[in-house]
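Only one structure is covered here, and it is reproduced in the block below.
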Amino acid sequence: MKHRIWFIAALSIALCAPLQAQTHRPAQPEPASGRSEKQLAHAQRHMVAAAHPLAVEAGLQMLDAGGSAVDAMIAVQLVLNLVEPHASGLGGGAYLLHFDAAGRIVRAYDGRETAPAAVTSDLFMRDGKAMSFRDAVTGGRSVGTPGVIRLLEIAHRKHGRLPWAQLFQPAINLAENGFPLSSRLHTLLRRDRAIAGEATARAYFLNAEGTPKAAGTLLRNPEFAQTLRALAAGGADAFYRGDIARAIVGAVRSHPVNPGLLSETDLAQYQVREVEALCAPYRIYRVCGMPPSSTGGIAVLQMLGLLSHRDMSIVAPESTQAVHLLAEAGRLAYADRSRWVADDRFVDVPVRGLLDPAYIAARAKLIQPERSMGKAAAGTPPGARFAWADDQVDEVAGTSHIAIVDGDGNAASMTTTIENFFGSRVMVRGFLLNNQLTDFNFSVQDGGRPAVNAVAPGKRPRSSMAPTLVFRDNGDLHLVIGSPGGSRIINYVAKTLIATLDWGLDIQAAIALPNTGSRNGPTEIERGTAAEDQAAPLRAMGHDVEIADMTSGLHGIMRVGNGWQGGADPRREGIAKGR
């Protein structure tokens, strides 16, 4: 499916053929890892921004060898599986937006996990009641069919230049020779209590006495090296069929406490969906994001549409008014997200209506300049034919984002995840398996209405991931951006877009701005930042203010003149680097 940017009329919206779904659960606090100030990166030819320096170096190695943005993306993802195993990897899923500079074509790839064919509506029910997240997440019950490696293979076939096997070598070398355990990974291990109960993960991450291995410890993962060699030689089929597939299914179904339903047939039949990106105008720009199952693209575009009815350029970036307007736009977008958006193969998602300019303009009138609306009600967009129950389940931020631009101007924006930190904690063949099924609603109905994000065989759970590409009005690529952060991703990405497109900040300064926003609940303000000074005036405007750790992981690349500038989130350990 091809979307040629310059063929879209000023108010048109490119819709994706298929769409997907996700859900929310009791909020889990994001562990704070401290801030380390990052420098704005500059490059003339190509650039990589990702969550770990070793992963960035692997991507640059491919670009230096003449590889494409997708070649570099694959090398980055494979190394992240090693150095940032709590966030993404072969056991998870991903969304990719790709820009082909020669054809000026945006393509979107949906590698979200799917529910096993054997699931029933009571998957997370016990004795007639919804299970607690803690009871549901660890073990095989929460594991969905992984999609990452199939997505990487399909993207490589369409957009790769270098040999497939070459892209695996940096990760193989690190797995065999070792790499230092990072301070962030050590902190997360210290705060996680479930790893100790999973024998394979415990042996890899913890000392004999059960304490996390120290930061700086040289970790080797020869089993993962063997897995990578098998995939390098046999492609994604070596993952979805044969020994690796049997090992995954065996670990899921034989879990001693919480067995799951994943089968070898589920793995063999998994398919990535190539879908059409959602694109809409904002000021002089065109912004493109993912369609459902991710709610991220719709919600970010809605927030931008709502704020387009204000002159945001005259709003000071860290002012009370800035926090207020972003929070109010977030309330409206999250209300619609909760009511209307899920896997469109299973529910009727009124995508055109949700992004209809007249509908957005009417919703924008609900935003008052000096008073919070409190909790927003979902709207009734044009084309809506069924009223689903509002459902809210809080995604946990075991996620990462990769932004890459190659020497020909091709770009990859991929958000990748195993869902919770350390996923299901089930470790197989050197990698962790996801817990994406807990992104479905645990209860099938809410208030007598069916939940839009109820679990079903083959269904993709709803997600907030929001990989984004921004283009100038002449079709030139301007910005590549995305973030981890669970259901807060939408607010993180929207903040950064407003900061760059309206406030004129460089990409590093935009990423570093304090995180704020509302998910149609409290107005959240990032703990330990200057934004805390806005709490009192916001409360006076009717906001229910909550100070929270908001550890985004934004990575972005922005065109400046004939070159690029890159930014990495100071809240995590990633970097941006180019040549």
Side-chain angles (χ1 to χ4, degrees), residues 28 31 51-52 55 77-94 111-113 133-134 136-149 151-152 171 174-175 179 181-182 184-206 212-213 219-228 231 239 244-245 247-260 262 267 395-400 415-439 461 484 486 553:
Q28 301 282 310
H52 195 283
Q77 171 68 97
L78 297 175
V79 171
L80 285 177
N81 196 136
L82 275 173
V83 299
E84 198 194 29
H86 51 277
S88 71
L90 300 184
R112 183 72 161 158
E113 300 89 337
F133 178 72
R134 185 184 297 274
V137 64
T138 303
R141 183 184 298 266
S142 65
V143 178
T145 311
V148 161
I149 191 63
L151 183 152
L152 298 183
L174 286 169
F179 58 93
L181 187 149
S182 73
R184 176 170 171 78
L185 178 52
H186 170 79
T187 298
L188 292 170
L189 287 167
R190 184 163 47 83
R191 298 180 181 186
D192 189 274
R193 297 178 181 177
I195 286 285
E198 298 298 314
T200 304
R202 176 189 174 104
Y204 180 65
F205 290 113
L206 307 183
K213 293 179 179 178
L219 279 184
R220 292 186 174 88
N221 193 337
E223 192 170 22
F224 189 57
Q226 292 178 359
T227 296
L228 292 176
L231 298 176
F239 181 94
I244 296 175
I248 293 171
V249 170
V252 168
R253 298 182 77 97
S254 66
H255 191 273
V257 176
N258 210 13
L262 188 70
L267 286 162
E395 303 157 75
V396 178
T399 304
S400 198
T415 310
T416 174
T417 185
I418 57 171
E419 212 285 329
N420 194 9
F421 288 116
F422 304 103
S424 63
R425 279 73 168 181
V426 176
M427 196 168 190
V428 181
R429 295 296 181 100
F431 58 91
L432 290 162
L433 296 177
N434 70 83
N435 65 295
Q436 292 294 356
L437 300 188
T438 58
D439 266 355

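Only a predicted model underlies this, so the values are computations on that prediction, with no experimental measurement involved.
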Original post:
How about N221 and L82: do any of their side-chain heavy atoms sit closer than 4.5 Å?
Top reply: yes
Original post:
Nearest 0.5 Å, what's the CG-CD1 distance between L267 and I244?
Top reply: 10.5 Å
Original post:
Rounded to the nearest 0.5 Å, what separation is found between the NE2 atom of H86 and the CZ atom of F205?
Top reply: 9.0 Å
Subject >> Point-to-point distance, once rounded to the nearest 0.5 Å, from CG of D439 to OG1 of T417 >> reply: 7.5 Å
Original post:
What closest approach, in Å, do L228 and A171 show between heavy atoms, and which atom pair accounts for it?
Top reply: CD1-CB, 3.5 Å
**OP:** Please tell me if the side chains of T187 and R190 come closer than 4.5 Å, counting only heavy atoms from C-beta onward.
**Re:** yes
Subject >> Student check: side-chain heavy atoms of L151 and R112 closer than 4.5 Å >> reply: no
**OP:** Take T438 and N420, measure what side-chain contact (heavy atoms from CB on, under 4.5 Å) needs, and give me the verdict at the end.
**Re:** CA-CA 9 Å; T438 58; N420 194 9; over 6 Å; no
Subject >> Worked check of side-chain contact (heavy atoms from CB on, under 4.5 Å) between L231 and L90 >> reply: CA-CA 11 Å; L231 298 176; L90 300 184; 3.6 Å; yes
Original post:
Pairs in or reaching into residues 249-260: which pass salt bridge (Lys or Arg N to Asp or Glu O under 4.0 Å), with residues at least two apart or in two chains?
Top reply: none
Original post:
Do the side chain of N435 and the main chain of S142 share a donor and acceptor less than 3.5 angstrom apart?
Top reply: no
Subject >> Interatomic distance, L437 atom CG to R141 atom CZ [nearest 0.5 angstrom] >> reply: 10.5 Å
**OP:** With side-chain contact (heavy atoms from CB on, under 4.5 Å) as the test, would you mind laying out the steps for T399 and T415 before giving the verdict?
**Re:** CA-CA 7 Å; T399 304; T415 310; 3.5 Å; yes
Subject >> Close side-chain approach of L181 to L189, heavy-atom, < 4.5 Å >> reply: yes
Original post:
At their closest point, which heavy atom of V83 faces which heavy atom of L185, and how far apart are they?
Top reply: O-CD2, 4.3 Å
**OP:** May I ask you to test the Y204-L219 pair for a side-chain heavy-atom distance under 4.5 Å?
**Re:** yes
Subject >> side-chain hydrogen bond (donor to acceptor under 3.5 Å, both in side chains) against Q77, all qualifying residues, sequence neighbours excluded >> reply: S88, T416
Under 3.5 Å donor-acceptor pairs involving side-chain atoms of residues 193-202, not counting sequence neighbours:
residue	atom	partner	partner atom	Å
E198	OE1	H255	NE2	3.1
E198	OE2	H255	NE2	2.9
R202	NH1	A196	O	3.3

Show the atom names and distances, to 0.1 Å, of all donor-acceptor pairs under 3.5 Å that link a side chain in residues 421-434 to residues at least two apart or in another chain.
residue	atom	partner	partner atom	Å
S424	OG	V426	N	3.3
S424	OG	L433	O	3.0
R425	NE	D192	OD2	3.2
R425	NH1	F421	O	3.4
R425	NH1	G423	O	2.9
R425	NH2	D192	OD2	2.3
N434	OD1	G144	N	2.9
N434	OD1	Q436	N	2.9
N434	ND2	G91	O	2.7
N434	ND2	G144	O	3.0

